[in-house]
Amino acid sequence: MRIARWSATHPWRAIGLWLLLVVVAVGMSVVIPKQQAENKDTWVGQSGQAAEMIEKAGLAEHPTETVLLTDPDGQLDKAAASAAIAQLQQKLAALDSIQSVGQPVWSENGKAALVPMELKGTADDASDHIEKIVATTAEVQQANPDLSITQAGSGSVDAGIWKQVGSDLAKAEKLSLPITFVLMLLAFGALIAAGIPVLLAFSAVGAALGFYAPLSYLFPDGGSVANVVLLIGMAVGVDYSLFYLKREREERLKGRNTLQAVEIAAATSGHSVVVSGLAVIVSMAGLYVSQDATFTSMATATIVVVAVAVLGSLTVLPALLAKLGHRVDRPRVPLLWRLNRRIGPGGISRRILAPVLRYPRAALSLSAIAVVALAVPALGMKTEPADLNTLPQSIPEVRTLKDLQANFPSQGGLSYAVVAQGEGAVAALTRLQESAVQSGKFVVPPGETVKQAEGTAVLTLVSVLPESSANADAALSQLRTELAPAALGSTTWAVGGESAESVDYGNNQRDRLPFVIAFVLALTLVMMAVTFRSVAIAVVTTLLNLASVAACFGVLALVFQHSWAEGLLGFTSAGFVVSWIPLFLFVILVGLSMDYHVFVLGRIREGVADGLTPREAVRKGITESAGVVTSAAAVMVSVFAVFATLGMLEMKQMGVGLAVAVLIDATLVRIVMLPSIMVLLGRKAWWPNKVANGPAPDVREREFAAV
């Protein structure tokens, strides 16, 4: 209240300080280059040990790229291809970033040829030069239109993926802002009132990205920070402003002046904003438990954007409301304004809530059955790391990789690096090479031999199985449990390589999920117990959060492990959910569900303190908060649904999961399950705290009028 009172009585200072904060933050993002995570930041498990052994021995290979030449009409014209290859070799060798260009390799089926190249520096350096290399390949393609000349490799595939991500992010920005504004217009019926939450949320997103720039030197960006900040920043930024603005408007309608309305909104909705913001921050802190560079950067950026959004709702928002006064409801959209006035607060929810309060046991039983039915498919949810099949086939480099694997099985596909140390390491790896090839499941790339340096030796093997997460897991398991132990004996060894790193990364995320769940649930339970001084409320909150998450996971399994929704959402089912999605969704959903859960419970507690019976307090709290919760949920669902339309399958899974969970949470859980539980518990819901009956509502009205 003190912060709001100062902002309301010094509006120009508060507005000026907020603008200065945003300008400084944006300036920081321009001046301070954001640091990206390096490959070594994602090393985990045995593959991480292998990578470290290779790096210490100086056996790390330079990054490579491959140019594939094919004929769209069928058999490759060797003369035409040879001429194009000569041009490629000449142009590529002239680039400073190229270490060497290899000799062409012709496929056995006569349909393709490839030209390998080795880049200077490390894999992290390759990203700085890959665009020029790809552009050079494109020049040769233009000079030879009868051939298909494409390029693929770790650097070019990553560049293609981030280009797709950038395109998706731009699309999300273009769609989410107008959709959010329209929803706010429906909620308020006035242009200024609708524009304030969107403006504050957008400024919070911009400021957060700026503040993250220096923090990226401690928590490097794993690649998804901008997406997550936009996703979460718009959702919570709009919601916090919405909570505050709705309460301030409600108090003005009761006859209070602007300053009184702002102070009451600060004491009620402002308090809920702080608590819900802290709840989101606590939940996001659970990602630190995963000890993953990508999740750590996501957690840091999200904590920053939530903190900025809370700060904005407590400072510049009261200042704007104080300065605008009743003009915040101008200019009115006649039809929407009359519709809002006619429906009134909680008009629709009051009709839904009536049978719930009349028959709480039946309502709770039916809603619990519905949630369990949605959650049951989660028991069969499969999680695997992202692979070539989960990437959009519209990315040219992805199509090139698949063509490369089809024509040159030993050049593409699942690659593993077996590292051995100690006396006899080379001989042991030679035995492993022989047994692996004899198994018929692995091949050795042409020209590859066992490499050694400083007592360390490395063997590269490629699986003949088509690239998929299941095949990667099977090939890695065979190497680690059968072939390597038999051939390498007592030598110190580890199986790594790109495919092994992907499998280990996914397994590490699965293994960390229980610890993240325990951390988040324990902290949020303690936080709710302290906030409402009630163990019962804390336990109920935890159970409802788990219900929402379980239903979300069930829907994810239904949608993405089967093909029935492919046409609707525009994707090809991979038969699994990407391994990082459940962990990320759990943390986000617990935080966001607390967003309006705290707000609803706060209104119910106000009714109990006013001397209402538990049933009437629930009725009053739910109906008075229903409009805000519905509008807030509509914003979240719409923003998240935009991500379900994007090209990247991981973004689709994240968008569908968040949209479905918020929809279930804001309707089935908060309008049916929560009120029925609160009615059944009665005053026991606030145990062990005894909520004292406050003065009658008419007395409180006179007290507020005297503020």
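The figures here come from the full heavy-atom set of this structure, side chains too, leaving out hydrogens, waters and symmetry mates. Numbers here simply count residues along the sequence, with the first being 1.
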Please step through side chain to side chain contact (heavy atoms under 4.5 Å, CB included) for the pair Ile303 and Tyr288, ending with a clear verdict. CA-CA 12 Å; Ile303 288 172; Tyr288 291 120; 3.9 Å; yes

Note: Arg247-Glu606 ion pair, threshold 4.0 Å (strictly below): yes

Could you pull out the closest heavy-atom pair between Ala267 and His271, with the gap in Å? O-CB, 3.5 Å

Are the side chains of Leu321 and Leu245 in contact, using a 4.5 Å heavy-atom criterion? yes

With the side chain counted from C-beta on, respond yes when Ser7 and Val316 share a heavy-atom pair under 4.5 Å apart, and no when they do not. no

Output all residues satisfying ring-ring contact (aromatic ring centres under 6.0 Å, His included) with Tyr240, sequence neighbours left out; order by chain, then residue number. none

Please give me the minimum heavy-atom distance between Thr315 and Ala14, naming the atom from each residue. O-CB, 4.2 Å

By side chain to side chain contact (heavy atoms under 4.5 Å, CB included), which residues pair with Val376, not counting sequence neighbours? Val372

Looking at CG of Leu592 and CG of Leu585, how far apart are the two atoms once the value is rounded to the nearest 0.5 Å? 10.5 Å

Test of understanding: with ring-ring contact (aromatic ring centres under 6.0 Å, His included), list the residues that count as partners of Phe553, not counting sequence neighbours. none

Measure the spacing between CD1 of Ile15 and CG of Leu20 and express it to the nearest 0.5 Å. 13.5 Å

What pairs of donor and acceptor atoms, side-chain ones from residues 203-212 against any protein atom, are under 3.5 angstrom apart with sequence neighbours left out?
{"from": "Ser203", "atom 1": "OG", "to": "Leu199", "atom 2": "O", "distance (Å)": "3.2"}
{"from": "Ser203", "atom 1": "OG", "to": "Leu200", "atom 2": "O", "distance (Å)": "2.8"}
{"from": "Tyr212", "atom 1": "OH", "to": "Phe219", "atom 2": "O", "distance (Å)": "2.5"}
{"from": "Tyr212", "atom 1": "OH", "to": "Asp221", "atom 2": "N", "distance (Å)": "3.1"}

Nearest 0.5 Å, what's the CG-CD distance between Asp292 and Gln509? 5.5 Å

Side chain proximity check, Leu525 to Thr541, heavy atoms < 4.5 angstrom: no

Rounded to the nearest 0.5 Å, what separates atom CG in Leu287 from atom OG1 in Thr302? 7.5 Å

Any pair counted as side chain to side chain donor-acceptor pair (under 3.5 Å), so long as it reaches residues 659-676, sequence neighbours left out: Ser548-Asp665, Tyr596-Asp665, His597-Arg670, Asp665-Arg670

Determine whether more than 12 heavy atoms belonging to other residues, nucleotides or ligands lie under 6.0 Å from atom CD1 of Ile179. yes

Any residue meeting ring-ring contact (aromatic ring centres under 6.0 Å, His included) with Trp580, in chain and number order, not counting sequence neighbours: Phe584

Heavy-atom side-chain contact between Phe586 and Leu521 under 4.5 Å: yes

Given Val539 and Met528, is the side chain to side chain contact (heavy atoms under 4.5 Å, CB included) satisfied, shown in steps? CA-CA 9 Å; Val539 172; Met528 292 300 292; over 6 Å; no

If you look at every heavy atom in Met673 and Ser367, which pair is closest and at what distance? CG-OG, 3.1 Å

Nearest 0.5 Å, what's the CD1-CD1 distance between Ile581 and Ile588? 11.0 Å

Those residues that, when tested against Thr383, pass side-chain hydrogen bond (donor to acceptor under 3.5 Å, both in side chains) (two or more places apart): Arg510

Report the residues that fulfil side chain to side chain contact (heavy atoms under 4.5 Å, CB included) with Pro331, sequence neighbours left out, ordered by chain and then residue number. Leu191, Ile192

How close do Pro197 and Val238 get, heavy atom to heavy atom, and via which atoms? O-CG2, 3.9 Å

Is there a side-chain contact between Val304 and Leu215 (heavy atoms, below 4.5 Å)? yes

Residue pair Ala322 / Thr258: nearest heavy atoms and the distance that separates them: CA-CG2, 3.7 Å

Measure the shortest side-chain to side-chain distance between Arg512 and Gln291 over non-hydrogen atoms and say whether it is less than 4.5 angstrom. yes

Side chain to side chain, Asn257 and Gln260, heavy atoms closer than 4.5 Å: yes

Between atom OG1 of Thr180 and atom CG of Leu175, what is the distance when rounded to the nearest 0.5 Å? 10.0 Å

Lys323 side chain to Pro11 main-chain N or O, any donor-acceptor pair under 3.5 Å? no

Quick one: does Met636's side chain get under 4.5 Å of Leu658's, heavy atoms only? no

Which of these, Leu674, Val356, Leu357, sits in a side-chain contact (heavy atoms from CB on, under 4.5 Å) with Val679? Leu357

For Pro377, enumerate each residue passing the side chain to side chain contact (heavy atoms under 4.5 Å, CB included) test, keeping only those at least two apart in sequence or located in another chain. Ala557, Leu558

Give a yes or no answer on whether the side chain of Thr524 reaches the backbone of Val590 with a donor-acceptor pair at less than 3.5 Å. no

Steps toward side chain to side chain contact (heavy atoms under 4.5 Å, CB included) verdict (Val608, Arg683): CA-CA 9 Å; Val608 174; Arg683 291 195 177 275; 3.4 Å; yes

Hits for ring-ring contact (aromatic ring centres under 6.0 Å, His included) against His10, two or more places apart or cross-chain, chain-then-number order -> Trp6

Whether Arg13 side chain and Thr9 backbone form a donor-acceptor pair below 3.5 Å: no

Could you go through Val262 and Tyr244, starting from their C-alpha distance and side-chain angles, then the distance that decides it, and tell me whether this counts as side chain to side chain contact (heavy atoms under 4.5 Å, CB included)? CA-CA 8 Å; Val262 168; Tyr244 209 105; 3.9 Å; yes

Apply side chain to side chain contact (heavy atoms under 4.5 Å, CB included) to Ala659 and list each qualifying residue two or more places apart in sequence or on a separate chain. Val637, Phe640

Would you tabulate the side-chain donor-acceptor contacts of residues 273-284 under 3.5 Å, counting partners in other chains and residues two or more places apart, or write 'none'?
{"from": "Ser276", "atom 1": "OG", "to": "Ser272", "atom 2": "O", "distance (Å)": "2.9"}
{"from": "Ser276", "atom 1": "OG", "to": "Val273", "atom 2": "O", "distance (Å)": "3.1"}
{"from": "Ser283", "atom 1": "OG", "to": "Ala279", "atom 2": "O", "distance (Å)": "3.0"}
{"from": "Ser283", "atom 1": "OG", "to": "Gly591", "atom 2": "N", "distance (Å)": "3.4"}

Check Val642 against Thr645 and note the closest heavy-atom contact, atom names and distance. O-OG1, 2.5 Å

Would you call Glu616 and Lys620 a salt bridge, taking side-chain N to carboxylate O under 4.0 Å as the test? no

